[in-house]
Amino acid sequence: MSRHEQARAILEALFQRRPPSEGISEARLYAMGREYPPDDLGVSFGTVMLEEAEKMALEGRLELYRSGNAYYFRPRVVNKTQ
C-alpha cells in the first residue's frame, strides 16, 4: 500500500467515526501525520495526509471550510430530500 493509499484509508476511517458537523483542522491532520516517519525523500506523512484530504475535498467527499484563522475538513453531507 502506498503512502497516499494509507493516508486515504486513515482519513476515511477517521471521518466515518466523527459526526458530519465536526471538522478536523488542517493543523490537526498534519500533526497526526507526524506520528509516522517521513519517506526516503524526507516528505512528512502529514503532508501526504493533507494532500489526500484536499483530493477528497475536490472529489466532493469532504468539505473544506474556514473558521477563524484555521481551515477545517468535514464530511460533505448530501441532502437526499426532494
Side-chain angles (χ1 to χ4, degrees):
M1 178 181 288
S2 76
R3 288 170 56 88
H4 285 273
E5 292 169 334
Q6 184 181 11
R8 186 169 284 249
I10 291 168
L11 289 167
E12 287 174 351
L14 180 67
F15 283 107
Q16 284 178 358
R17 294 190 312 255
R18 297 177 87 79
S21 61
E22 189 176 326
I24 301 173
S25 72
E26 285 183 319
R28 177 71 184 123
L29 287 179
Y30 187 80
M32 288 172 55
R34 288 196 334 229
E35 297 173 11
Y36 299 85
D39 67 9
D40 296 339
L41 299 175
V43 176
S44 163
F45 193 71
T47 300
V48 177
M49 293 272 285
L50 287 177
E51 287 175 357
E52 286 304 311
E54 290 170 358
K55 285 180 191 175
M56 291 173 76
L58 288 172
E59 294 167 359
R61 300 182 67 206
L62 295 178
E63 178 182 357
L64 176 63
Y65 67 99
R66 184 176 181 154
S67 179
N69 291 330
Y71 286 94
Y72 293 82
F73 291 96
R74 67 180 168 206
R76 183 173 299 277
V77 178
V78 177
N79 187 356
K80 293 184 180 182
T81 60
Q82 292 185 2

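In this text the structure is predicted, and so the values were computed from the model without any measurement.
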*Return the orientation label for the Tyr72 and Tyr65 ring planes: parallel under 30°, perpendicular over 60°, tilted otherwise.*
parallel
On a heavy-atom basis, which atom in [X] and which in [Y] lie closest, and how many Å separate them?
| X | Y | result |
| --- | --- | --- |
| Thr47 | Val43 | CB-CG1, 4.2 Å |
| Gly33 | Met49 | CA-CG, 4.2 Å |
| Tyr30 | Gly46 | CD1-C, 3.4 Å |

Quick one: pull up [atom1] in [X] and [atom2] in [Y] and give me the separation to the nearest 0.5 Å.
| X | Y | atom1 | atom2 | result |
| --- | --- | --- | --- | --- |
| Glu59 | Glu52 | CD | CD | 8.0 Å |
| Leu64 | Met56 | CG | CE | 13.0 Å |
| Leu62 | Arg74 | CG | CZ | 11.0 Å |
| Glu12 | Leu14 | CD | CG | 11.0 Å |
| Ser44 | Leu50 | OG | CG | 8.5 Å |
| Phe45 | Gln6 | CZ | CD | 4.0 Å |

*Determine, stepwise, if the pair Leu11 / Ile24 fulfils side-chain contact (heavy atoms from CB on, under 4.5 Å).*
CA-CA 10 Å; Leu11 289 167; Ile24 301 173; over 6 Å; no
*Can you check whether Lys55's main-chain N or O pairs, donor with acceptor, with Arg8's side chain at less than 3.5 Å?*
no
